[in-house]
Amino acid sequence: MRKPYLLALLLALLFSMGAYAQNVVVKNNLLYDAALTPNLSLEMSLNRKQTFDLQIGLNPFGGKKDKERFQHLLIQPEWRYWTCERFNGWFIGVHALGGRYNIGNYKFPFDQLKKYRDHRYEGWFVGVGVGAGYQWVLSRRWSLEAELGVGNVYTDYDKYRCGLCGTKMESSHDYYFGLTKAAISLVYVIK
């Protein structure tokens, strides 16, 4: 039932771009690659100073070690306002995020999210946030982009006894406020 509405929204967005549709970039977040998560972003011009970015990341593989689990799917759309011109210089953005995860026995960088070390959590999440970044033009077709974002996330999950197996202990939900976007992206301009 939701698919027709989503398709209609995407088509309306594409048709509303008009003369600016020739400005499209494809990006890869190198920080996500370092976390062994294949990802891709597509960003389109809306007008001279606004763009719409859609990032998708998927890690179906597990963790770095045999007893770790870090599987997830992330979809993160973002509206951006550029202070100078699109795809060049400073920008601010408002993003949403959503997805599914299966995480256990996993230690996050900087000791964030400690609860994922001793149990396995399987569930879904949605959230919103704001971000800021900068894009450096390297050549006619290539750029480098950096962005940080913070926001709120709601998650609904089932908790299991151990990282890879175990009996379900409880179903619950949680709220998170903090880093919701971190990117150093290699950008390719399609014209």
Side-chain angles (χ1 to χ4, degrees), residues 2-61 70-101 109 124-154 176-191:
R2 291 181 183 166
K3 288 182 183 180
Y5 295 113
L6 180 60
L7 180 61
L9 177 65
L10 288 175
L11 288 174
L13 178 64
L14 288 175
F15 287 120
S16 70
M17 289 190 308
Y20 300 102
Q22 73 273 17
N23 292 312
V24 176
V25 301
V26 176
K27 301 185 286 189
N28 178 256
N29 184 343
L30 302 174
L31 296 179
Y32 240 34
D33 289 343
L36 304 176
T37 301
N39 67 93
L40 190 65
S41 291
L42 182 68
E43 187 171 1
M44 301 171 278
S45 294
L46 299 176
N47 59 37
R48 198 173 135 261
K49 290 194 169 217
Q50 297 178 57
T51 59
F52 177 77
D53 179 67
L54 180 63
Q55 178 184 29
I56 297 175
L58 172 67
N59 184 343
F61 309 116
F70 184 54
Q71 297 172 324
H72 66 280
L73 166 69
L74 169 71
I75 299 173
Q76 193 166 42
E78 180 177 43
W79 168 83
R80 291 179 171 181
Y81 178 81
W82 297 78
T83 60
C84 184
E85 63 180 348
R86 66 187 175 272
F87 307 123
N88 184 16
W90 288 101
F91 63 87
I92 56 170
V94 176
H95 58 266
L97 61 147
R100 298 195 56 76
Y101 62 92
W124 58 272
F125 61 93
V126 293
V128 294
V130 295
Y134 193 88
Q135 191 169 119
W136 295 269
V137 175
L138 302 176
S139 70
R140 185 172 162 248
R141 296 264 187 208
W142 293 97
S143 295
L144 188 65
E145 178 182 289
E147 181 182 13
L148 281 176
V150 297
N152 286 303
V153 177
Y154 170 83
Y176 163 80
F177 175 80
L179 190 64
T180 53
K181 191 161 194 174
I184 298 176
S185 299
L186 188 59
V187 180
Y188 179 74
V189 178
I190 300 172
K191 291 201 178 200

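- In terms of heavy-atom proximity, Y32 sits nearest to H72 at OH-NE2, 3.6 Å.
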Item to check | Test log, rule side-chain contact (heavy atoms from CB on, under 4.5 Å), inputs Y101 and F125 | outcome: CA-CA 8 Å; Y101 62 92; F125 61 93; 3.6 Å; yes

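- For the residue pair N29 and S185, the shortest heavy atom distance occurs at CA-OG, 3.6 Å.
- When side chains are defined from C-beta on, F52 does not count as touching E78, because their heavy atoms never get closer than 4.5 Å.
- Shown here for V24 and L42, the closest heavy-atom pair between the two residues is CG1-CD1, 3.4 Å.
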Next on the checklist: I'd like to know whether W136 forms a side-chain contact (heavy atoms from CB on, under 4.5 Å) with W142, so could you lay out the CA-CA distance, the side-chain angles of the two residues, the decisive distance to 0.1 Å, and finally the verdict.
Outcome noted: CA-CA 9 Å; W136 295 269; W142 293 97; over 6 Å; no

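- Applying the side-chain contact (heavy atoms from CB on, under 4.5 Å) rule to L40 yields the partners V26; only residues at least two apart in sequence or on another chain are considered.
- Here the straight-line distance linking atom CG of L74 with atom CG of L97 works out to 6.0 Å at 0.5 Å rounding.
- Proximity of W82 to N88: side-chain heavy atoms (C-beta onward) are nowhere separated by under 4.5 Å.
- Atom CZ of R100 sits about 11.5 Å away from atom CD1 of I75, to the nearest 0.5 Å.
- Residue F87 comes nearest to S45 through the heavy atom pair CE1-OG, 3.3 Å, listed as atom of the first residue, atom of the second, then distance.
- Partners of W90 under the side-chain contact (heavy atoms from CB on, under 4.5 Å) rule, at least two apart in sequence or in another chain, are T83, Y134.
- For the pair N28 (side chain) and N39 (backbone), a donor-acceptor distance under 3.5 Å is present.
- A heavy-atom distance below 4.5 Å is not found between the side chains of T51 and F91.
- Two residues are said to be in side-chain contact when any heavy atoms from C-beta on lie closer than 4.5 Å; V25 and Y188 fail this criterion.
- Summarising the geometry of L179 relative to A182, their closest heavy-atom pair is CD2-CB, 4.2 Å, with the distance given to 0.1 Å.
- Side-chain contact between L144 and V187 is absent, with no heavy atoms from C-beta onward closer than 4.5 Å.
- V137 approaches S143 most closely through the heavy-atom pair CA-OG, 3.6 Å.
- Looking only at side-chain heavy atoms (C-beta outward), V153 and T180 come within less than 4.5 Å of each other.
- Side-chain contact check for Q50 versus R86: every heavy-atom pair is 4.5 Å or farther apart.
- Applying the salt bridge (charged side-chain N to carboxylate O under 4.0 Å, His left out) definition to pairs two or more places apart or across chains, those involving residues 27-38 are K27-E43, K27-D53, K27-E145.
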Next on the checklist: For K181 and E147: C-alpha separation, side-chain torsions, deciding distance, then whether salt bridge (Lys or Arg N to Asp or Glu O under 4.0 Å) applies.
Outcome noted: CA-CA 7 Å; K181 191 161 194 174; E147 181 182 13; 3.4 Å; yes

